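Here the structure comes first, spelled out in structure tokens, and everything after it is commentary.
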Protein chains: 2
Amino acid sequence: MKKRTYSCGLDAAVDVVGGKWKALILWALHHEPLRFGELKRSISGISEKMLIQQLREMETCGLVHREVYHQVPPKVEYSLTEFGQSLNTALLPLGEWGDKHMATIEAIPRD
Amino acid sequence: MKKRTYSCGLDAAVDVVGGKWKALILWALHHEPLRFGELKRSISGISEKMLIQQLREMETCGLVHREVYHQVPPKVEYSLTEFGQSLNTALLPLGEWGDKHMATIEAIPRD
DNA sequence: CGGCATCCGCATCGATACTG
DNA sequence: CAGTATCGATGCGGATGCCG
């Protein structure tokens, strides 16, 4: 989410789902709504800061819904909106492409 | 192209096509092979440095083919490999999603 | 439990100038 | 025409510590 104008739809979509974590979050929430802590545990390696930051951006985009339960201890659940689910659907072919060629990609020399 | 291991295919694919320019380059080359200068002109705003850098990475991935014609003046043509075309195909739904919702995305407040 | 604030290293990207 | 070289700004993302 850096630009305000895009040269094409693909450009816009990559901007929305790009970055290090958004795709993973989207995927994690695809199955079911998750609490903050569950989300954190299900995405290995993410820091609280990045998780909350990405969630906020996705909430602003209307991709994610944030439901607060006023309890002690606090409970907050995140879920995909229909908009978020439509994006997830659009990402499916890309995910399959990745699955198919992941080995190839990982074998690329990077030094 | 930052990571060497991925938690899922979508993660890998976003890593490959992520960043500011790769999707645009992929799209520009989808129609026909282009020379360096043509490519630069067709992607507004890109610097020579970024263009060559991204092209090199995509060449390393096997997404792009680089054909050098030994002439004066020099001529180099870039085209998509079959691998690159398969990625482009997988990106189509995402591009359509972006087209459909681009206005929504651009309307998001970002300050 | 579910955050927010702050500091900071490092990669990314842009601008400019130069070369074969 | 098709790059290469260098410098500098920016900002992503990690680590740590504190709060309701």
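Remember, predicted model here, so these are calculated numbers, not experimental data. We name chains A, B, ... by the order of the sequence lines, and we start the count at 1 in each one.
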- Item | Close residues, residues 13-35 of chain B, relative to DNA chain C [heavy-atom separation under 4.0 Å] | B/Lys20, B/Trp21

- Query: Where along residues 36-52 of chain B does a heavy atom fall under 4.0 Å from DNA chain C?
  - Reply: B/Lys49, B/Met50

- Query: Passes side chain to side chain contact (heavy atoms under 4.5 Å, CB included), A/Leu63 versus A/Phe83? Steps please.
  - Reply: CA-CA 5 Å; A/Leu63 290 169; A/Phe83 190 44; 3.7 Å; yes

- Exactly one of A/Glu67, A/His65, A/Glu77 clears side chain to side chain contact (heavy atoms under 4.5 Å, CB included) with A/Pro33, and that residue is A/Glu77

- Item | Minimum side-chain heavy-atom gap A/Phe36-A/Ile52 below 4.5 Å | yes

- Backbone N or O of A/Lys2 within a donor-acceptor pair of the A/Asp15 side chain at under 3.5 Å? yes

- Query: Below 4.5 Å, heavy atoms only, C-beta onward: do A/Tyr6 and B/Ile105 meet side chain to side chain?
  - Reply: yes

- Query: B/Leu24 versus A/Leu10: any side-chain heavy-atom pair under 4.5 Å?
  - Reply: no

- End-to-end axis angle, where each axis spans five pairs of the helix from C/dC1-D/dG20 to C/dG20-D/dC1, to 10°: 50°

- Message: So, does B/Arg66 get its side chain near the phosphate of D/dA2, meaning an N or O under 4.0 Å from OP1 or OP2?
- Response: no

- Message: Counting C-beta onward and ignoring hydrogens, is there a side-chain heavy-atom pair between B/His101 and A/Ser86 closer than 4.5 Å?
- Response: yes

- Query: Contact class for B/Tyr69 vs. all strands (heavy atom < 4.0 Å): base, sugar-phosphate, or nothing?
  - Reply: nothing

- For atom CD of B/Glu77 and atom P of D/dC1, their distance in whole Å: 15 Å

- Taking heavy atoms of chain B and a 4.0 Å limit, find me the 5'-most and 3'-most nucleotide of DNA chain C within that range. C/dT12 to C/dG20

- Task: Provide the full list of salt bridge (charged side-chain N to carboxylate O under 4.0 Å, His left out) pairs with a residue in residues 46-64 of chain A, sequence neighbours left out, each pair given once.
- Result: A/Lys22-A/Glu57, A/Lys40-A/Glu48, A/Arg56-A/Glu59

- How are the rings of B/His30 and B/Trp27 set relative to one another: parallel (under 30°), tilted (30 to 60°) or perpendicular (over 60°)? parallel

- Message: Checking the side chain of A/Asn88 only, and the main-chain atoms of A/Leu26 only, is there a donor and an acceptor separated by less than 3.5 Å?
- Response: yes

- B/Leu51 side chain reached by B/Trp21 side chain, heavy atoms, under 4.5 Å: no

- Contacts satisfying salt bridge (charged side-chain N to carboxylate O under 4.0 Å, His left out) that involve residues 30-39 of chain B (not counting sequence neighbours) are none

- Query: Would you say the side chain of B/Leu39 lies within less than 4.5 Å of the side chain of B/Leu55, judging by non-hydrogen atoms?
  - Reply: yes

- Measure the distance from CD on B/Glu59 to C1' on D/dG3 and round it to the nearest whole Å. 13 Å

